[in-house]
Asker: 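Take this structure first; my questions come after.
Letters A, B, ... are given to chains in the order of the sequence lines, protein chains preceding strands, and every chain is numbered from 1.
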Amino acid sequence: MADLVSHPDEVRVVSRRFGQGAASLERYLELDGYKAVQKALAMEPDAIINEVKNSALRGRGGAGFSTGMKWSFVPKQSAKPKYVLCNGDESEPGTCKDRLIFEHDPHAVIEGVIIAGLAVGATSGYIYIRGEYRYLSVIMQKAIRDAYAKGFLGKNIFGSGRDFEVYWHGGAGAYEVGEESALMESLEGKRGIPRIRPPFPAVVGLWGGPTVINNAETLASVPHIILGGADWYAKLGPPKNGGTRLFCLSGNLAKPGVYELPMGYSLKKMIYEVGGGIPDGRELKAVVPGGSSTPCLTSDEIDINMDFDSVAKAGSMLGSGGVVVVDDAQCIVKFALRTMKFYQHESCGWCIPCREGTDWLKKTLQRFHAGGGLKKDIDNMYYLSENMLGRTFCPLGDAAAMPTMGFIKKFRQEFEDHLDGRPCPYQKEGAIEQLPVMA
Amino acid sequence: MKFSDEFEQRFAEMVPHYPTKRSALVPTLLYAQDEVGFLSDDVIAEIAARLDLTELEVRNVISYYSMLTTKPRGKFNVQVCTNISCMVRGGEEILHHCATKLGIGHKHTTADGLFTLEEVECIGACSWAPAAQVNYDFHENLTPEKMDGILDNYKKKAMQ
């Protein structure tokens, strides 16, 4: 469905089998499929965890936590069954990578789930796919059926004497559910409201059992680590940032697309070489480096390496790998407003700072952009965002506050220009401010 | 309440996947909605009974998920993304174009019951923006002209 792109600087690990028909089990087996899980079956659980720890693989969903470390938190003994949960509720604006994994390499996800299960002592796993991705859940359901038919899933997998079940599960439209505790609530058939932590899911998760929750890209990376070795994987990126990443380049670029680049790849090169630069003779204004919840970087701040630690040092986050490029024809206030409109829509309403904060920020930004701004609004919005930080059960409140603070801090002038040049001095010609209200 | 054999087969297969019955609720609601068109009182009562839930518990879940609806929609639900990646590439123009062409606003349905228009949040097509989904089909790298062709095709499809 979605077009594939390529660039000579790409290092294909997770995307190795893209475009090669690997959704078919036969083809997947020809391309080294299900070799890693057989290798893992011969390994001790701790050896698998150590291998993943040493590979410096960090969570691809956004937080960037060490995957091996996460697995090691699952208690060895548990009265309740343990579970592996694959997070495929990809909904962070700017992110469209898991979609390609599910479409082109669904068995890699299944294999990753089994290996995670072997590592933590779980005997079943769930692959949660967002409801909008119906065609992908069809592909995944077929992949699971095929794997069962071959004896790769179910009782006595690969004749090892071990059992492992993998099930598919679907969402029905909710960004919030991409947060791990809300994801579990959703899988349990409830509203996707976050749980308080501790206890962490690794100890008390799905139906009260210890649960490992990893992003689809993280799990799809695991078989490659087991086969290629931790050293090889770790060395693809800078220290503590192992491997490669699927970067989703979008926005005002000549060649947007999902490119797999080594961790630590230059953001500047990503924009101007891989992404083909800014079209129509425009200049770069800002770039959102890791999905809509990460603070933007200005055109003076793009000389950085795209790994978790370097982007954090630059005051933002590598996040989900969604790089959104914004050119100088765009209005930052409008961009901030659209971002906030999203968070206001997606806030589950459980925590007051997030529910009220996103609503007030949206209303203020709306008024501000429409020409009704006051000077004090700028500081008020910053203050309000600041006070949402760290005061909610889940990071959705932070995800709404952080980019807003970034926009105000880095583009204050643009906010002030809205006071002088009402309603919006940056409005693109012909752009529609608000939809006509029709009966 | 009668669902298709396909639905029944999937439902029967899915329920034993979970230690609690209600876990099958969200995907079951979506599949039921796809068959009936919306989550009617009958559908809600039926699913609640099957999963040992009260109707209120089911409604409580429905109101959380943006894809689930208790109101009828058109045959084709045109969902245009206007989130950041789509916005900077003309997503709003696409939405406005659809609104003008169909003569309806957000979450409204055309008089002939063919189209419902919806402005949606990120659908995961950022690198191929601007994008829209009609029911479950993705349409990407859109222009107003391309969108015209897409809507016309669906209209033709409905005539057949």
Asker: Count the heavy-atom pairs under 4.5 Å between each of B:C86, B:S63, B:C122 and chain A, then report the option with the highest count.
Answerer: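 Sorted descending by pairs with chain A, the first entry is B:C122.
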Asker: On a heavy-atom basis, which atom in A:C96 and which in B:A125 lie closest, and how many Å separate them?
Answerer: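 Scanning both residues, the minimum pair turns out to be CB-N, 4.2 Å.
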Asker: Strictly by modelled atom types, are B:W128 and A:S250 linked by a side-chain donor-acceptor pair under 3.5 Å?
Answerer: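 No, A:S250 and B:W128 have no side-chain donor paired with an acceptor closer than 3.5 Å.
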Asker: Check each atom of A:L187 against the heavy atoms of chain B and say whether the ones under 4.5 Å are side chain, backbone, both or neither.
Answerer: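 Both parts, heavy atoms under 4.5 Å.
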Asker: Decide side-chain contact (heavy atoms from CB on, under 4.5 Å) for A:W168 and B:H17; before the verdict, give the C-alpha distance in whole Å, the side-chain angles of both, and the deciding distance to 0.1 Å.
Answerer: CA-CA 9 Å; A:W168 158 86; B:H17 290 173; over 6 Å; no
Asker: Under 4.5 Å heavy-atom distance to chain B, tell me which part of A:Y259 shows up: side chain, backbone, both or neither.
Answerer: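 Neither part.
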Asker: Is there a donor-acceptor pair closer than 3.5 Å between any side-chain N or O of A:N252 and the backbone N or O of B:R89?
Answerer: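 Answer holds: no.
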Asker: Taking B:R22 for its side chain and A:G189 for its backbone only, find out whether a donor-acceptor pair lies under 3.5 Å.
Answerer: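 The answer is yes, because a donor-acceptor pair under 3.5 Å joins these two groups.
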Asker: Chain B heavy atoms under 4.5 Å from A:I129: which part of the residue, side chain, backbone, both or neither?
Answerer: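 No part of A:I129 comes within 4.5 Å of chain B.
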Asker: What option among A:A172, A:A174, A:S292 has the most heavy-atom pairs under 4.5 Å with chain B?
Answerer: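 Ranked by heavy-atom pairs under 4.5 Å with chain B, first place is A:A172.
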Asker: Go through the atoms of A:S137 and report whether side chain, backbone, both or neither lie under 4.5 Å from a heavy atom of chain B.
Answerer: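 The answer is the side chain of A:S137.
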Asker: Please give me the minimum heavy-atom distance between A:G131 and B:Y136, naming the atom from each residue.
Answerer: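 Closest approach of A:G131 to B:Y136: O-CE2, 3.5 Å.
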Asker: If I compare all heavy atoms of A:G192 with all of B:Y65, which pair ends up nearest, and what's the gap?
Answerer: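 Nearest pair, atom of A:G192 first, then B:Y65: N-OH, 3.8 Å.
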Asker: Measure the shortest side-chain to side-chain distance between A:D3 and B:E140 over non-hydrogen atoms and say whether it is less than 4.5 angstrom.
Answerer: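 With C-beta onward as the side chain, the pair stays apart.
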Asker: Between B:A129, B:P19, B:A24, who has the most heavy-atom pairs with chain A when the cutoff is under 4.5 Å?
Answerer: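 Looking at each option in turn, the highest pair count goes to B:P19.
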Asker: Kindly compute the distance separating CZ (A:R99) from SG (B:C126), expressed to the nearest 0.5 Å.
Answerer: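 It comes to 9.0 Å.
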Asker: Chain A heavy atoms under 4.5 Å from B:N141: which part of the residue, side chain, backbone, both or neither?
Answerer: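 Contact with chain A is through the side chain of B:N141 alone.
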Asker: Please determine, by modelled atom types, if B:S66 and A:Y175 share a side-chain donor-acceptor pair under 3.5 angstrom.
Answerer: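 Note: B:S66 and A:Y175 side chains miss the donor-acceptor criterion.
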Asker: Run A:K334 and B:E92 through salt bridge (charged side-chain N to carboxylate O under 4.0 Å, His left out) and show every step you take.
Answerer: CA-CA 12 Å; A:K334 188 175 178 189; B:E92 290 179 326; 2.6 Å; yes
Asker: Looking at B:F138 and A:E132, what are the two nearest heavy atoms and their distance?
Answerer: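 Minimum heavy-atom separation between B:F138 and A:E132: CE1-O, 4.0 Å.
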Asker: How long is the gap from OH on A:Y167 to OG on B:S23, to the nearest 0.5 Å?
Answerer: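 The OG atom of B:S23 is 12.0 Å from OH of A:Y167, to the nearest 0.5 Å.
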Asker: When you look at B:K21 and A:E188, which way does the salt bridge (charged side-chain N to carboxylate O under 4.0 Å, His left out) test go after all the steps?
Answerer: CA-CA 9 Å; B:K21 259 189 178 178; A:E188 292 181 14; over 6 Å; no
Asker: Show, in sequence, the C-alpha distance, side-chain angles and deciding distance for A:R134 and B:L30, and conclude whether the side-chain contact (heavy atoms from CB on, under 4.5 Å) test is met.
Answerer: CA-CA 10 Å; A:R134 172 60 61 84; B:L30 194 55; 3.7 Å; yes
Asker: Do B:R10 and A:Q141 pass the side-chain contact (heavy atoms from CB on, under 4.5 Å) test, and can you show the C-alpha distance, the side-chain angles, and the key distance before you say yes or no?
Answerer: CA-CA 11 Å; B:R10 185 182 289 110; A:Q141 287 174 56; 4.0 Å; yes
Asker: Distance-only, no hydrogens or angles: does the B:S127 side chain make a donor-acceptor pair with backbone N or O of A:C248 under 3.5 Å?
Answerer: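 No, the answer is negative, given that no donor and acceptor are paired below the 3.5 Å cut-off.
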Asker: If you measure only the distance, is there a donor-acceptor pair under 3.5 Å linking the side chains of B:Y64 and A:R191?
Answerer: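 Judged by distance alone, the side chains do not pair up.
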Asker: Determine yes or no for a side-chain-to-main-chain donor-acceptor pair under 3.5 angstrom, with A:R338 supplying the side chain and B:I84 the backbone.
Answerer: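 No: the side chain of A:R338 does not pair with the backbone of B:I84.
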Asker: Which heavy-atom pair separates B:V26 from A:G170 by the least distance, and what is that distance?
Answerer: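 Scanning both residues, the minimum pair turns out to be CG1-O, 3.9 Å.
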Asker: Considering all heavy atoms of both residues, which atom of A:G94 and which atom of B:S85 are nearest to each other, and what is their separation?
Answerer: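 Of all heavy-atom pairs spanning A:G94 and B:S85, the closest is CA-OG, 3.7 Å.
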Asker: As an exercise: rank A:E176, A:E92, A:E165 by heavy-atom pairs under 4.5 Å with chain B and give me the winner.
Answerer: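 The answer is A:E176.
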Asker: Does a side-chain heavy-atom distance below 4.5 Å link A:F335 with B:M87?
Answerer: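 Heavy-atom side-chain distance check passes, below 4.5 Å.
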Asker: Which of the residues A:E90, A:H169, A:E346, A:H345 is involved in the greatest number of heavy-atom pairs with chain B at under 4.5 angstrom?
Answerer: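 Ranked by contacts with chain B, first place is A:H169.
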Asker: Determine, using ring centers only, whether B:Y18 and A:Y126 are less than 6.0 Å apart.
Answerer: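 Close enough - the centres of the two rings lie under 6.0 Å apart.
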Asker: Considering residues, nucleotides and ligands other than A:K190, do more than 12 of their heavy atoms fall under 6.0 Å from its NZ?
Answerer: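 Atom NZ in A:K190 is crowded, with more than 12 foreign heavy atoms closer than 6.0 Å.
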Asker: With the side chain counted from C-beta on, respond yes when B:N83 and A:K341 share a heavy-atom pair under 4.5 Å apart, and no when they do not.
Answerer: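 B:N83 does not reach A:K341 side chain to side chain.
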Asker: Answer whether the closest heavy-atom distance between the side chains of A:Y133 and B:Q133 falls below 4.5 Å.
Answerer: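 No, too far: nothing below the 4.5 Å cut-off.
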Asker: Measure A:V177 against the heavy atoms of chain B and call it side chain, backbone, both or neither at under 4.5 Å.
Answerer: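 Both parts, backbone and side chain.
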